[in-house]
Amino acid sequence: MTPDRGEILAWILSLPSPVRVVYEAGPTGFGLARFLLASGIDTVVAAPSKLQRPSGDRVKTDAKDALHLARLLKLGEVTGVRIPSADQEAARDLVRSREDVRGDLMRSRHRISKLLLRQGIVYSGGQAWTGTHELWLARQQFENPVRQLTYESSLEAMHEISDRRDRLDQAITAMAYASEYTPVVRSLQCLRGVSTLTAFGLAVEIGDWDRFTGSTIGAYLGLVPTEHSSGQSRSQGSITKTGNSHARRLLVEAAWHHRRPYNNPSRLMRSRWEEATSEARTRGHAGNRRLHERWLSYLERRKRPVIANVAIARELSGWCWSLATSTPPAARSLRSIASVH
């Protein structure tokens, strides 16, 4: 089909009514769905991981896929994804761009450190990738001009990526405190380990928190264990890792902060509490205590720290849901636009 949405709409209107449209979520995005919905066409964007597919079907063509989608839609077996607004999708692209830059920066740093390691040069002046470390990197010289050029090129690439990250951080911070997401960001920051970037990332990636409950949001983020049970036997394995991987990573990283003792809230935490509602402060304080106590219980049972941390992240997602849904409805009304099932 042509990418011209006007032609697509004209073709749809030429079909016998009533007409419904379904397509799988993917790189084609949500622009077509928003256009068709605005034109009065019932449109569903299907979640590919939730589609039922015959196990014995080994032939895949566009025509067969379209017919399969149409049959599932008629039977009501299509699980739709939430269709974000154009502004919400742009905010999510900003967060994911920052995620990509973070990965690029990590890889560029690894290239530099491994290049030096191959030459027997190891930094021992304290924590790496600080201002002192970068001054030490700038002083490194090589007799071989080719190797020197390679090293300077790697350093230049790292600085360029770092500058890009800083610009994105500034844009995210400005948007976090001056947009429709600000009330949710303020509430989520009442929990330890949830910085501005983490809070904004969760707010953007999850979007409409009212779709979930405190017990179902962990499953949506892939933080619940897999299970293979039959009869009286029950076997659980690693987490499912389904759903939104960006939000899952943010929660797993934030969960590590709750391992440290929580005696008195830090000055930074108190400053964040001052910007939040009294209910969010109370819930955040209770959540911080509860999550640290859970860490202690896992350590007493000699659970592996990485496994315990994922369990904390699963419970942390529930506390985030509690804080986000306790935000006044008027402040969250803009986030629930265009939900499709």
Q.
Students often mix this up, so state it plainly: with edges at 30° and 60°, are the rings of Trp136 and His133 parallel, tilted or perpendicular?
A. parallel
Q.
I want to check something: taking the side chain as every heavy atom from C-beta on, are Phe212 and Thr325 in contact at a cut-off of under 4.5 Å?
A. no
Q | Separation of Trp321 CH2 from Leu188 CG (nearest 0.5 Å) | A | 13.0 Å
Q. Between Tyr298 and Arg294, does any side-chain donor sit less than 3.5 Å from a side-chain acceptor?
A. yes
Q. Can you check whether Gln189 reaches Glu275 side chain to side chain, under 4.5 Å on heavy atoms?
A. no
Q) Hey, does the side chain of Asn244 reach the backbone of Leu202 with a donor-acceptor pair shorter than 3.5 angstrom? A) no
Q: Kindly give the heavy-atom pair with the smallest separation between Arg289 and Asn263, and that separation in Å.
A: NH2-O, 4.0 Å
Q: Would you check if there is a donor-acceptor pair between the side chains of Arg283 and Ser322 at a distance under 3.5 Å?
A: yes
**Q.** Modelled atom types, side-chain donor and acceptor of Ser215 and Thr213, under 3.5 Å
**A.** yes
Q) Centre of Tyr220's six-membered ring, under 6.0 Å away, within 45 degrees of the axis: is that where NZ or CZ of Arg211 sits? A) yes
Q.
I'd like to know if the side chain of Thr226 reaches the main chain of Ser238, judged simply by a donor and an acceptor atom lying under 3.5 Å from each other, with no hydrogens or angles considered.
A. yes
**Q.** Joint hydrophobic cluster, Leu137 plus Ile161, side-chain heavy atoms closer than 4.5 Å
**A.** yes
Q | Thr277 and Glu279: side chain donor to acceptor below 3.5 Å | A | no
(Q) Check this for me: does any side-chain nitrogen of one of Asp93 and Arg96 sit under 4.0 Å from a carboxylate oxygen of the other? (A) no
Q) Within a strict 4.5 Å, meaning less than it, do heavy atoms of the Met175 and Leu94 side chains meet? A) yes
Q: Output the distance between atom CD (Glu205) and atom CG (Leu251), rounded to the nearest 0.5 Å.
A: 11.0 Å
Q) Taking the side chain from His258 and the backbone from Ala313, do they hold a donor-acceptor pair closer than 3.5 Å? A) no
Q: List the atom of His68, the atom of Pro54, and the distance in Å for their closest heavy-atom pair.
A: CE1-CD, 4.1 Å
Q. Phe35 and side-chain contact (heavy atoms from CB on, under 4.5 Å): which partner among Leu9, Thr43, Ile41?
A. Leu9
Q: For Ser113 and Tyr123, test the side chains for any donor-to-acceptor distance below 3.5 angstrom and give the result as yes or no.
A: no
Q. Heavy atoms, side chains only, cut-off 4.5 Å: are Ser179 and Thr182 in contact?
A. yes
Q: Treat each ILVMFWY residue as a node, draw an edge where side-chain heavy atoms are under 4.5 Å apart, and state whether Val306 and Val310 are in one component.
A: yes
(Q) Just by distance, no angles: are the side chains of His285 and Tyr262 close enough, under 3.5 Å, to form a donor-acceptor pair? (A) yes
Q) Distance-only, no hydrogens or angles: does the Arg20 side chain make a donor-acceptor pair with backbone N or O of Lys74 under 3.5 Å? A) no
Q) Does a side-chain heavy-atom distance below 4.5 Å link Ile112 with Tyr151? A) yes
Q | Pairwise distance OG(Ser162) to CZ(Arg109) - rounded to 0.5 angstrom | A | 6.5 Å
Q: For Trp256 and Asn309, indicate whether the former's side chain and the latter's backbone hold a donor-acceptor pair under 3.5 Å.
A: no
